[in-house]
Amino acid sequence: EDQVTQSPEALRLQEGESSSLNCSYTVSGLRGLFWYRQDPGKGPEFLFTLYSAGEEKEKERLKATLTKKESFLHITAPKPEDSATYLCAVQNSNSGYALNFGKGTSLLVTP
Amino acid sequence: GAVVSQHPSWVICKSGTSVKIECRSLDFQATTMFWYRQFPKQSLMLMATSNEGSKATYEQGVEKDKFLINHASLTLSTLTVTSAHPEDSSFYICSAKTRPQGSHQDTQYFGPGTRLTVL
């Protein structure tokens, strides 16, 4: 059974204090690993897809990396507007295109 | 691009009534859409996969007669919660699958969600 575990559950950073969020996964056949951002009361907003170990993608202050067992979302010099819940999801190549989500990391960036 | 809308954004209904939620892909066609449910402080749980022109595929434990899904066109899927009860109160989110320009793989784009409260 596919499993996605995100850590920490919650993270509080000061503005400019860089850090990383972790997503550990177990999947029989990885089609893709996805990162989304979700603001309270809203639907997830797509950030990145990673397909194979060693792949990296960047967008503004965010950088996502992937190994065979985990993915990291690195946040460099975060700003208060980066505060949100960050969700990681895996897509199993044997299960169509459904996404299996982790519980998320709630990030709060204070001025 | 890749915008997905949902209507309504919130709904309050009495126990025993039925509620319909619409999910539309605004600037692309989607042969496949997905319906998720999210309880407070929990992550998204897939309820069903909606395929245009065919029956939906439901996840284990999701009652297909209670959560009716109709994917009548390439831009519209509907979820009807029949005979709703307070335990059905949740945040319902749909997504639609498409291939972003320049990508060789499909990506799911999510709607803004519908907050259902059953009294």
Side-chain angles (χ1 to χ4, degrees), chain A residues 1-10 21-25 27 29-52 55 57 59 64 66 84-108, chain B residues 1-7 9-10 21 23-25 28 30-51 54 56-60 62 90-100 102-117:
Chain A
E1 185 180 327
D2 299 344
Q3 284 199 326
V4 182
T5 304
Q6 291 188 247
S7 61
E9 287 187 18
L21 313 182
N22 178 263
C23 172
S24 297
Y25 66 92
V27 62
L30 181 69
R31 172 179 276 134
L33 184 141
F34 298 76
W35 282 99
Y36 288 85
R37 167 192 170 131
Q38 186 176 27
D39 292 301
K42 299 194 175 179
E45 175 189 344
F46 173 71
L47 295 175
F48 303 109
T49 310
L50 302 167
Y51 298 104
S52 57
E55 190 174 1
K57 288 193 177 172
K59 179 181 179 181
L66 180 66
T85 294
Y86 290 85
L87 300 170
C88 170
V90 297
Q91 197 173 65
N92 190 320
S93 57
N94 301 315
S95 303
Y97 291 90
L99 293 174
N100 185 357
F101 280 88
K103 292 186 176 181
T105 293
S106 177
L107 174 66
L108 176 64
Chain B
V3 179
V4 177
S5 71
Q6 278 184 246
H7 179 80
S9 56
W10 60 270
I21 303 170
C23 176
R24 293 181 186 273
S25 55
F28 64 98
T31 55
T32 305
M33 293 184 175
F34 302 86
W35 287 96
Y36 294 82
R37 182 165 52 181
Q38 186 176 35
F39 291 105
K41 304 292 185 183
Q42 299 293 315
S43 194
L44 283 77
M45 296 297 294
L46 179 67
M47 297 176 67
T49 302
S50 171
N51 298 297
S54 65
T57 305
Y58 291 82
E59 294 300 299
Q60 195 170 11
V62 178
S90 188
F91 192 49
Y92 292 85
I93 312 175
C94 73
S95 71
K97 179 171 70 73
T98 189
R99 186 159 298 182
S103 173
H104 61 287
Q105 295 278 4
D106 292 336
T107 295
Q108 285 185 38
Y109 293 91
F110 285 82
T114 297
R115 174 76 57 192
L116 170 63
T117 302

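Bear in mind the structure is a predicted one, so any value in this text is a computation, not a measurement. Lettering of chains follows the sequences in order, A, B, ..., and the numbering in each one begins at 1. Because only heavy atoms are used, hydrogens play no part in the values below, and waters and symmetry mates are left out as well, while side chains stay in.
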(Q) Tell me whether A/Glu9 at atom CD has more than 12 heavy atoms from other residues, nucleotides or ligands lying less than 6.0 Å away. (A) no
Q. Would you say the side chains of B/Asn51 and B/Thr49 form a donor-acceptor pair under 3.5 Å?
A. no
(Q) Heavy-atom pairs under 4.5 Å with chain B: which of A/Lys42, A/Arg31, A/Glu45 has the most? (A) A/Lys42
(Q) Within the 3.5 Å criterion, strictly below it, is a donor on A/Asp2 or A/Asn100 matched to an acceptor on the partner's side chain? (A) no
Q) Around atom CD of B/Glu59, are there more than 12 heavy atoms of other residues, nucleotides or ligands at under 6.0 Å? A) yes
Q) Of all residues at least two apart in sequence or in a different chain, which pass the ring-ring contact (aromatic ring centres under 6.0 Å, His included) check with B/Phe39? A) none
**Q.** A/Phe46 portion near chain B, given a 4.5 angstrom heavy-atom threshold
**A.** side chain
Q: Select, from A/Gly104, A/Pro44, A/Gly41, the one with the greatest count of heavy-atom pairs under 4.5 Å involving chain B.
A: A/Pro44
(Q) Looking at every heavy atom in both B/Ile93 and B/Gly111, which two are closest together, and how far apart are they? (A) CG2-O, 3.6 Å
Q) Short question: side chain of B/Ser90, backbone of B/Gln38 - any donor-acceptor pair under 3.5 Å? A) yes
Q: Measure distances from B/Leu44 to the heavy atoms of chain A and classify the residue's part below 4.5 Å as side chain, backbone, both or neither.
A: both
Q | Charged tip of A/Lys57 within 45° of A/Phe48 ring normal and under 6.0 Å | A | no
Q: Under 4.5 Å heavy-atom distance to chain B, tell me which part of A/Gln38 shows up: side chain, backbone, both or neither.
A: side chain
Q: Specify whether A/Tyr36 and A/Phe34 have parallel, tilted or perpendicular ring planes, treating 30° as the upper limit for parallel and 60° as the lower limit for perpendicular.
A: parallel
Q. Just checking heavy atoms, which of residues 84-91 of chain A are less than 4.5 Å from chain B?
A. A/Leu87, A/Gln91
Q. Most heavy-atom pairs under 4.5 angstrom with chain A, which of B/Gln6, B/Gln108, B/Met45?
A. B/Gln108
Q | When B/Gln42, B/Lys97, B/Arg115 are compared by non-hydrogen pairs under 4.5 Å with chain A, the top option | A | B/Lys97
